[in-house]
Asks: 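First, the structure itself, so that you have it in front of you.
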Amino acid sequence: ELLLDAEGRPTDYRFLEINPAFAGQTGLTAEQTLGKTVLEVIPGLEPFWIETYGRVALTGEPTRFVNESEPMGRAFEVYAFRVGEPGGLRVAILFNDITERRRAEAALAELNATLERRIEARTAELRRSEQRFTQAFNAGPVAACITSLDLQTVLETNEAFSRLTGYARAEAAGRPSRELGLWRGPDDAERLERAAETGAVEGLELRIVTKTGRVRDVTLSAAMIRLEDHYGYLTMLYDVTERKEAEAGRELLRGALDAAEESVMVTTADPGAPVVVYVNAAFQTVTGYAPEEAVGKTPEMLFGPESDLLVWGRMQRELGAGRSAQGEFTNYRKDGLPVMLLWTVAPILGDAGRVTHYVATQRDVTKRRALERELLDLSAREQRRIADDLHDSVQQ
């Protein structure tokens, strides 16, 4: 029942009748409420409730609403309508306590908001990651392309790929590699396809043909990646042509050195204590030491009692000054026999013009020196014989 002031404005309402569910919905018993006004039961109740029910009592217009009561700590879903005579100012209220539902809805809304923020953050991160990947893919120094799952069709390429193969992105994208003629022969294409069947490809050595027809040696590695709606391979092509050519050059040089008749030794660039890093086949013939016995040692392994260390010291000073050096002195074979060797040592310069190694040749001059001594002895004996003959002639 609504209570009005002298001016006819609702100021309070009295509880006349409640059902058993009332206590469960409000937490208030019949003893606490029947016959009492709402402000007596709930002193801090918001004016909204009295004003809303007063409007229903005075106008007869029902209302439906959802609202919270802070003093009660609850939220209600309410339907209010007038009952009895208009002048009776009585209102029936049907309501449900929706506090838990509102809390669940608020929690769900907060969860949805949190999920939306996370999704937005994740989407932004994926977008940034995609941008970083695109930038790295396009600007990377290694030739790269994205291919189909069978590694046959080129889907995307970067600038380094164009520099390596000569094919611009527009020329390569969407075309099979066989159609581009990238592979040197059908064997290379089949090797790649067989490797793709096992999953990731790592360090597969192949030969490709560029747009200009030049053959390049490459090492291919590929890893499976997820594309928009399917899978593919991120394929990297490392150009190893120069390395292969350098290796071939080194093998050619090694073969030439091994075929040389003169003993050859390469050491580190430390004039005081050079370390042997390479000897050729003739070195073993001259010294008796196998390559594995010499590598890692110093040339002083060949010295012995009659080795002229003064000559060796002079050669070291010449090398320390950046000049070539030459000297002849007695060395000793592995079997202990002395051998006269003519050493010629020259510095090897690196890219920066700095001495990185020394290369030394040793020529066995033992027989030549013995022959020279024999000739000198013969010459001396002949000179003595001639002198004796002259002396006899003068005497006669």
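In what follows, every heavy atom counts, from backbone to side chain, and hydrogens, waters and symmetry copies are set aside.
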Asks: For Ala143 versus Leu164, what's the shortest heavy-atom pair and its separation?
Replies: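 Smallest heavy-atom distance, with atoms named: CB-CD2, 3.7 Å.
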
Asks: For Arg175, look at atom CZ and say whether over 12 heavy atoms of other residues, nucleotides or ligands are found less than 6.0 Å away.
Replies: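 Yes - once you tally the heavy atoms of other residues, nucleotides and ligands closer than 6.0 Å, there are more than 12.
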
Asks: Evaluate the side-chain proximity of Leu58 to Pro10: yes if any heavy-atom separation is below 4.5 Å, no if none is.
Replies: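 A side-chain contact under 4.5 Å exists here.
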
Asks: Consider only side-chain heavy atoms of I, L, V, M, F, W and Y, link residues closer than 4.5 Å, and tell whether Phe48 and Leu3 are in one cluster.
Replies: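 Not linked; separate clusters.
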
Asks: Do any N or O atoms from the side chain of Ser307 and from the backbone of Thr330 form a donor-acceptor pair under 3.5 angstrom?
Replies: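 Here the side-chain-to-backbone pair exists.
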
Asks: Okay, side chain of Asp308, backbone of Glu328: is any donor-acceptor separation there less than 3.5 Å?
Replies: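 Checking the backbone N and O of Glu328 against the side chain of Asp308, no donor-acceptor pair under 3.5 Å is found.
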
Asks: Report the C-alpha distance between Asp364 and Leu341 in whole Å, list the side-chain angles of each, state the deciding distance to 0.1 Å, and finish with yes or no for side chain to side chain contact (heavy atoms under 4.5 Å, CB included).
Replies: CA-CA 5 Å; Asp364 186 353; Leu341 295 181; 4.2 Å; yes

Asks: Given side chains that start at C-beta, do those of Phe65 and Phe76 come closer than 4.5 Å, heavy atoms only?
Replies: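 Contact flag for Phe65/Phe76 side chains = no.
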
Asks: Which heavy atom of Phe283 sits nearest a heavy atom of Gln362, and at what distance?
Replies: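 For Phe283 versus Gln362, the nearest heavy atoms are CD1-OE1, 3.8 Å.
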
Asks: Show the numbers, then the answer: is there a side chain to side chain contact (heavy atoms under 4.5 Å, CB included) between Val275 and Thr267?
Replies: CA-CA 5 Å; Val275 176; Thr267 70; 5.9 Å; no

Asks: Using a strict cut-off of less than 4.0 Å between a Lys/Arg side-chain nitrogen and an Asp/Glu carboxylate oxygen, indicate whether Arg314 and Glu318 qualify as a salt bridge.
Replies: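 Judged by the 4.0 Å cut-off on N to carboxylate O distance, Arg314 and Glu318 do not form a salt bridge.
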
Asks: Locate the shortest heavy-atom distance separating Gly166 from Lys211; write the atom from each residue and the value.
Replies: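 Here Gly166 and Lys211 meet closest at O-CD, 3.4 Å.
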
Asks: Could you list the residues that satisfy side chain to side chain donor-acceptor pair (under 3.5 Å) with Arg226, not counting sequence neighbours?
Replies: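 Checked Arg226 against side chain to side chain donor-acceptor pair (under 3.5 Å); zero matches.
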
Asks: Linking I/L/V/M/F/W/Y whenever their side-chain heavy atoms sit closer than 4.5 Å, directly or via other members, would Ile50 and Phe95 fall into one cluster?
Replies: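 Per the 4.5 Å side-chain linkage, Ile50 and Phe95 are co-clustered.
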
Asks: Thinking salt bridges, do Arg243 and Glu247 make one under a 4.0 Å N-O criterion?
Replies: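 Salt bridge between Arg243 and Glu247, a charged N being under 4.0 Å from a carboxylate O: yes.
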
Asks: So does Glu159 have more than 12 non-hydrogen atoms from other groups sitting under 6.0 Å from CD?
Replies: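 No, because the 6.0 Å sphere around CD of Glu159 holds 12 heavy atoms or fewer from other groups.
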
Asks: Kindly compute the distance separating CG (Leu309) from CD (Gln316), expressed to the nearest 0.5 Å.
Replies: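 Output value for this atom pair is 9.5 Å.
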
Asks: Between Arg128 and Glu125, does at least one N-O distance fall below 4.0 Å, as a salt bridge requires?
Replies: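 Looking at Arg128 and Glu125, the cut-off is met.
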
Asks: So which atom in Cys145 and which in Thr147 form the shortest heavy-atom distance, rounded to 0.1 Å?
Replies: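 Nearest heavy atoms, Cys145 then Thr147: SG-CG2, 3.6 Å.
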
Asks: Does Arg118 CZ have over 12 foreign heavy atoms under 6.0 Å away?
Replies: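 No, not enclosed.
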
Asks: Out of the candidates Trp312, Tyr332, Trp343, only one should pair with Phe303 under the ring pair (Phe, Tyr, Trp, His ring centres under 6.0 Å) rule; please name it.
Replies: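 The residue from Trp312, Tyr332, Trp343 that satisfies ring pair (Phe, Tyr, Trp, His ring centres under 6.0 Å) with Phe303 turns out to be Trp312.
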
Asks: How far apart are the C-alpha atoms of Arg102 and Thr99, what are their side-chain angles, what is the distance that settles it, and do they pass the side chain to side chain donor-acceptor pair (under 3.5 Å) test?
Replies: CA-CA 5 Å; Arg102 289 291 293 274; Thr99 306; over 6 Å; no

Asks: Are Leu89 and Val78 linked, directly or through other ILVMFWY residues, by side chains that come within less than 4.5 angstrom of each other?
Replies: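 Yes, one cluster joins them.
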
Asks: Once you round to the nearest 0.5 Å, how far does CG of Leu234 lie from OG of Ser221?
Replies: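 Rounded to the nearest 0.5 Å, the CG-OG separation comes out at 10.0 Å.
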
Asks: How about Glu17: does its CD atom have over 12 heavy atoms from other parts shown lying under 6.0 Å from it?
Replies: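 No.
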
Asks: Over all heavy atoms of both residues, which pair between Tyr358 and Thr268 is shortest? Give the atoms and the distance, please.
Replies: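 Here Tyr358 and Thr268 meet closest at CD1-O, 3.4 Å.
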
Asks: Under 6.0 Å between ring centres, would you say that holds for Tyr231 and Tyr233?
Replies: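 No, ring centres 6.0 Å or more apart.
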
Asks: Between Arg333 (side chain only) and Val286 (backbone N and O only), is there a donor and an acceptor less than 3.5 Å apart?
Replies: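 Looks like yes, one N/O pair under 3.5 Å.
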
Asks: So do Ile348 and Val355 actually touch side chain to side chain, heavy atoms under 4.5 Å?
Replies: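 The answer is no; the side chains never approach within 4.5 Å.
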
Asks: Is there a chain of hydrophobic side chains (I, L, V, M, F, W, Y, each step under 4.5 Å between heavy atoms) that links Leu204 to Val209?
Replies: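 No, Leu204 and Val209 fall in different hydrophobic clusters.
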
Asks: In terms of relative ring orientation, are Tyr13 and Phe15 parallel, tilted or perpendicular, with 30° and 60° separating the classes?
Replies: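 Ring orientation, 0 to 90° scale: perpendicular.
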
Asks: How close do Ala168 and Ser162 get, heavy atom to heavy atom, and via which atoms?
Replies: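 That closest heavy-atom pairing would be CA-OG, 3.7 Å.
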
Asks: Are Pro71 and Glu46 side-chain neighbours, meaning at least one heavy-atom pair lies under 4.5 Å?
Replies: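 The answer is yes, as the side chains (C-beta and beyond) meet within the 4.5 Å cut-off.
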
Asks: Under the rule for side chain to side chain contact (heavy atoms under 4.5 Å, CB included), what residues qualify as partners of Glu242, not counting sequence neighbours?
Replies: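 Only Arg216, Asp239 meet the side chain to side chain contact (heavy atoms under 4.5 Å, CB included) criterion with Glu242.
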
Asks: Quick one, Trp49 and Ile42 - any side-chain contact, counting heavy atoms below 4.5 Å?
Replies: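 A side-chain contact is absent here, since even the closest heavy-atom pair is not under 4.5 Å.
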
Asks: Hey, is the main chain of Leu16 close enough, under 3.5 Å, to the side chain of Glu1 for a donor-acceptor pair?
Replies: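 Pair absent, no side-chain N/O of Glu1 close to backbone of Leu16.
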
Asks: Could you state the interatomic distance from CG (Asn280) to CE (Met265), rounded to the nearest 0.5 Å?
Replies: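 Atom-to-atom, Asn280:CG and Met265:CE are 9.5 Å apart.
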
Asks: Take Arg207 and Lys244 through the side chain to side chain contact (heavy atoms under 4.5 Å, CB included) test and state the conclusion after the steps.
Replies: CA-CA 11 Å; Arg207 306 193 78 191; Lys244 290 277 190 179; over 6 Å; no

Asks: Got Trp183 and Ile208 here, is their nearest side-chain heavy-atom distance under 4.5 Å?
Replies: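 Contact flag for Trp183/Ile208 side chains = yes.
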
Asks: So, Ser148 side chain and Thr153 main chain: donor-acceptor pair closer than 3.5 Å or not?
Replies: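 Yes, because the side chain of Ser148 sits within donor-acceptor range (under 3.5 Å) of the backbone of Thr153.
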
Asks: Atom CD1 of Ile146 and atom CD1 of Ile225: how far apart are they, to the nearest 0.5 Å?
Replies: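 With rounding to 0.5 Å, CD1 (Ile146) is 4.5 Å from CD1 (Ile225).
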
Asks: Got a salt bridge between Glu110 and Arg117, using NZ or NE/NH1/NH2 to carboxylate O under 4.0 Å?
Replies: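 A salt bridge is present here (some side-chain N lies under 4.0 Å from a carboxylate O).
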
Asks: Should side-chain heavy atoms under 4.5 Å link Ile, Leu, Val, Met, Phe, Trp and Tyr, which residues sit in the same cluster as Tyr79?
Replies: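 Cluster partners of Tyr79: Phe81, Val83, Leu94.
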
Asks: Should Leu342 and Gln326 count as side-chain neighbours, where that means a heavy-atom distance under 4.5 Å?
Replies: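 Side chain of Leu342 against side chain of Gln326, heavy atoms only: contact under 4.5 Å found.
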
Asks: Which residue, Val41, Thr29, Ile18, Leu28, forms the side chain to side chain contact (heavy atoms under 4.5 Å, CB included) with Leu34?
Replies: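 Output: one option passes, namely Ile18.
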
Asks: Would you check if the side chain of Thr219 reaches a backbone N or O of Gly203 as a donor-acceptor pair within less than 3.5 Å?
Replies: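 Side chain of Thr219 to backbone of Gly203: no pair is present.
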
Asks: Closer than 3.5 angstrom, by distance alone: can the side chain of Thr63 be matched with the main-chain N or O of Ala80 as a donor-acceptor pair?
Replies: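 Between the backbone of Ala80 and the side chain of Thr63 there is no qualifying donor-acceptor contact (under 3.5 Å).
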
Asks: Between OG1 of Thr287 and CG of Leu337, what distance do you get to the nearest 0.5 Å?
Replies: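 Answer rounded to 0.5 Å: 12.0 Å.
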
Asks: Keeping Thr241 on the side-chain end and Asp217 on the backbone end, is there a donor-acceptor pair under 3.5 Å?
Replies: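 Judged by distance alone, yes, a pair lies under 3.5 Å.
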
Asks: Is there a continuous path of hydrophobic side-chain contacts, each under 4.5 Å between heavy atoms, that joins Leu180 to Leu206?
Replies: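 In one cluster with Leu180: Leu206, yes.
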
Asks: Please confirm whether the backbone N or O of Ala144 pairs with a side-chain atom of Asn158, one donor and one acceptor, at under 3.5 Å?
Replies: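 Yes; at least one donor-acceptor contact below 3.5 Å.
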
Asks: Please walk me through it: do Leu45 and Ser69 pass side chain to side chain contact (heavy atoms under 4.5 Å, CB included)?
Replies: CA-CA 7 Å; Leu45 186 69; Ser69 173; 3.6 Å; yes

Asks: Using a 6.0 Å cut-off, check whether atom CD of Glu202 has over 12 heavy atoms from anything other than its own residue.
Replies: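 Atom CD in Glu202 is not packed in, count stays at 12 or less.
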
Asks: Would you give the length of the straight line joining atom CG of Asp12 to atom CG of Asp5, rounded to the nearest 0.5 angstrom?
Replies: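 Here the rounded value is 11.5 Å.
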
Asks: Keeping the roles fixed (side chain from Gln25, backbone from Asp97), state whether a donor-acceptor pair exists under 3.5 Å.
Replies: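 Here the side-chain-to-backbone pair exists.
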
Asks: Are Tyr167 and Val154 side-chain neighbours, meaning at least one heavy-atom pair lies under 4.5 Å?
Replies: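 Heavy-atom side-chain distance check fails, nothing below 4.5 Å.
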
